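Taking it in order: structure first as structure tokens, then the write-up.
All values reported here derive from a predicted model rather than from experimental measurement.
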Amino acid sequence: LCVCSALGDENKDVPKGVIRLSDITKVFQNMKKKDHLMRNILTIETSLRTYLVQAPSIVTMYIWQSCLSIPLHSFENDR
């Protein structure tokens with residue numbers, strides 16, 4: 001089971017929610033929003049719903065996008 005948890009407040013360690021990595025179908029930068037409050041938004045599509053996640057910086061957003069775009073089968077052991 002691989003999951004990604006999101007914290008509701010950066011000062012707390014309690015997850016606000018969980019996304020199963022196996023449910024992710026598409027990850028991309030949200031280019032529709034030009035408002036300064038909507039910067040660094042990453043769109044994560046799953047089979048059940050679409051999530052908009054705001055990263056603290058553009059660099060962090062690109063790192064998250066790269067990591068979440070790696071297919072899970074890439075991590076499986078070849079035995």
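- Exactly one residue among Leu68, Ile70, Thr46 makes a side chain to side chain contact (heavy atoms under 4.5 Å, CB included) with Leu21. That residue is Leu68.
- In this structure, OH on Tyr51 lies 8.0 Å from CG on Asp23, to the nearest 0.5 angstrom.
- Atom CD of Gln65 is separated from atom CD of Gln29 by 6.5 Å, given to the nearest 0.5 angstrom.
- The backbone N or O of Glu45 lies less than 3.5 Å from a partner atom in the side chain of Thr25, making a donor-acceptor pair.
- How far CD1 of Ile58 is from CD1 of Ile63: 11.0 Å, rounded to the nearest 0.5 Å.
- Heavy-atom minimum distance, Trp64 versus Val53: CZ3-CG1, 3.7 Å.
- Looking at heavy atoms from C-beta onward, Asn40 lies out of side-chain contact with Thr60 at the 4.5 angstrom threshold.
- Annotation: the span from Leu48 atom CG to Ile19 atom CD1 amounts to 11.0 Å, rounded to 0.5 Å.
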